[in-house]
Amino acid sequence: MLILLLGYLCIGGGLMWWAFLTHGEPPLVALAAFVVAIVMLFDDHRDERAGASGATRTIRTRARELWRNYVTDETQAMRVVIAMACILTTSLIGYVYAREIVVRGWQLGAWFICVVTIIIALMPPARPSFRITKVEIGALGLMLAALLLRVTFLEQVPGGLHVDEMGAADFALRQVFPSSELTANPFRTGPASQPTLFFYLQRLALALVGNSITGARITSALAGALAILATYGTVAILQDRRTALLAAAIMTTYHYHIHWSRLGLNNIWDTLWIPLMLLAFAWGWKNRWSGGAVLAGLALGLSQYFYHGSKVGGFLLAFLIWWLWRQERDTDRLVVQVGKLMLTAVCVASPIVIFALLDPVPYFERASVVFAWSPTNIEIETRGTFDLVGYAWRQVWNSVGAFVAVPDVTGFYGPGVPFVIGVAAILFVTGLLWAIFKQHWVPALWILLTVVLGGILVTGAPSSSHYVASIPAICWLIAIPLSWLAERGHSRLALALLLVVIATDLVFYFGFYVPSHPRDLIIPFPTGF
């Protein structure tokens with residue numbers, strides 16, 4: 001088996017050297033993947049055997065043990081070799097075609113096969129038992145209710161297309177598998193520096209549903225409904241099921257989430273990918289099942305092909321891993337699960353990461369435009385006075401106040417109210433302060449990261465498009481005081497407040513906002529198809 005590994009490394013090294021000679025630049029991601037794969041050796045049964053002794057072993061000792069297991073266990077060795085082969089394949093596909101705007105399309109199929117293969121290779125054979133309770137059935141019911149609220153009357157509600165929606169649908173129809181043999185490279189960015197792979201999903205929806213506003217928006221409605229279930233699972237595993245069910249109920253009817261679930265853009269996927277990566281890793285860690293890390297790596301990798309707000313999830317996942325490890329200090333489990341997470345994520349995301357490294361201008365173009373702290377932007381916003389202190393204060397105030405005081409300023413939504421209204425605003429602030437007091441750091445950090453990355457650092461704060469990633473955390477924090485009331489015997493009061501929050505959001509969105517004819521949602525579906 002060791003000879004097989006060395007042979008594979010020679011072949012892989014030869015391919016990397018060939019790429020260097022033909023393209024002039026070393027494939028850095030493929031090289032990094034090799035290093036990670038060599039260091040990370042897998043033990044499918046380690047999670048079940050790990051106990052308190054794991055906290056006392058050093059990483060060096062564990063590495064030696066893993067190496068001995070590797071050279072003596074051909075099954076484990078083959079799993080590692082397969083994982084390395086998948087990473088090398090996706091990395092080389094990304095590297096060779098990084099500068100190609102259009103391709104023949106087989107690259108997407110090859111990438112998909114590699115992703116499925118690495119998941120199968122790294123997934124442990126044993127799976128922990130999972131029992132569906134009445135609470136989970138209730139969460140499924142909320143997901144179906146959310147789907148109904150999001151998929152009905154997509155042609156008319158919230159109105160016509162936004163100009164960005166029209167551009168996305170037009171790009172999907174004209175560039176993704178048009179009548180010619182070539183298609184848009186799925187591992188680059190397209191309009192407004194958005195990853196192209198999302199437009200493949202939209203193209204599929206348009207082909208199935210028809211060239212219409214409904215076809216352009218249906219994927220967002222589905223993602224928004226699935227996000228309810230993902231949010232429930234995340235809150236349940238990190239806090240408790242009652243708070244999770246309350247958060248899912250609030251998110252089901254939350255006006256902000258409903259709206260973005262009804263737009264044909266990729267922003268709403270942040271509310272699915274971020275909870276999924278947190279849920280998968282936390283559930284796998286607590287059940288000593290490394291398959292959760294594989295699924296978390298899959299969610300982390302896929303999120304790189306959607307809206308850039310999902311980058312918040314990477315920071316949250318890193319914090320969650322550290323927080324979970326700190327409670328038990330099981331280094332053995334940490335090495336195994338983080339290794340599997342990273343290998344999966346690298347395999348999935350390497351094509352677009354390599355594109356960003358080799359051709360950074362189109363990838364970071366939008367980020368450079370909206371970056372708030374360039375001298376040019378500061379001078380424009382302060383009308384030539386370059387009042388840095390005043391500008392900084394306004395950025396911070398608008399970004400922090402977006403939740404309960406400062407309305408969204410963009411035409412994507414522009415509801416004329418902040419993100420949280422009515423009783424929910426009081427519950428949100430209460431929940432945030434209580435989370436900090438009780439050291440429930442994940443939702444609080446979630447809000448902080450969104451404020452910094454989606455508000456303070458970008459122009460035009462607050463923009464609803466940049467805060468979508470925080471929606472699960474908003475609903476989580478609103479649910480915390482309601483759960484506290486129910487826990488102390490005030491269930492009727494908690495239920496009454498929940499109904500008030502639900503009614504407020506539904507009445508506002510469908511009773512006031514939609515009839516007001518939002519100013520930028522007026523464009524018809526593009527013609528000529």
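Position 1 is the first residue of the sequence, and the numbers go up from there.
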Taking the six-membered ring for Trp, are [X] and [Y] parallel (under 30°), tilted (30 to 60°) or perpendicular (over 60°)?
{"X": "Phe437", "Y": "Trp434", "value": "tilted"}
{"X": "Phe198", "Y": "Trp269", "value": "perpendicular"}
{"X": "Trp322", "Y": "Phe319", "value": "tilted"}

What's the spacing between Asn398 CG and Arg394 CZ if we round to 0.5 Å?
-> 7.0 Å
Distance, nearest 0.5 Å, that separates OG1 of Thr196 from CD1 of Ile352 |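 So the gap between those two atoms works out to 7.0 Å.
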Tell me the closest heavy-atom pair linking [X] and [Y], and the distance in Å.
{"X": "Leu272", "Y": "Ala230", "value": "CD1-CB, 4.0 Å"}
{"X": "Ala296", "Y": "Met277", "value": "CB-O, 3.5 Å"}
{"X": "Tyr307", "Y": "His466", "value": "OH-CD2, 3.0 Å"}
{"X": "Pro407", "Y": "Ala405", "value": "CD-O, 3.6 Å"}

For the pair Asn266 and Phe199, evaluate side chain to side chain contact (heavy atoms under 4.5 Å, CB included) and give the outcome as yes or no after the intermediate values.
-> CA-CA 9 Å; Asn266 60 0; Phe199 300 106; over 6 Å; no
Only one of Tyr97, Trp111, Tyr363, Phe355 forms a ring pair (Phe, Tyr, Trp, His ring centres under 6.0 Å) with Phe187, so which one is it?
->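 Going through the options one by one, the only one that passes is Trp111.
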Aromatic Trp325 / basic Arg329 pairing, under 6.0 angstrom, 45° off normal =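 Judged by the rule (NZ or CZ under 6.0 Å from the ring centre, within 45° of its axis), Arg329 counts as positioned above Trp325.
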So among Ile213, Ile523, Leu521, which one has a side-chain contact (heavy atoms from CB on, under 4.5 Å) with Glu165?
-> Leu521
Do the ring centers of Tyr513 and His259 come within less than 6.0 Å of each other?
-> yes
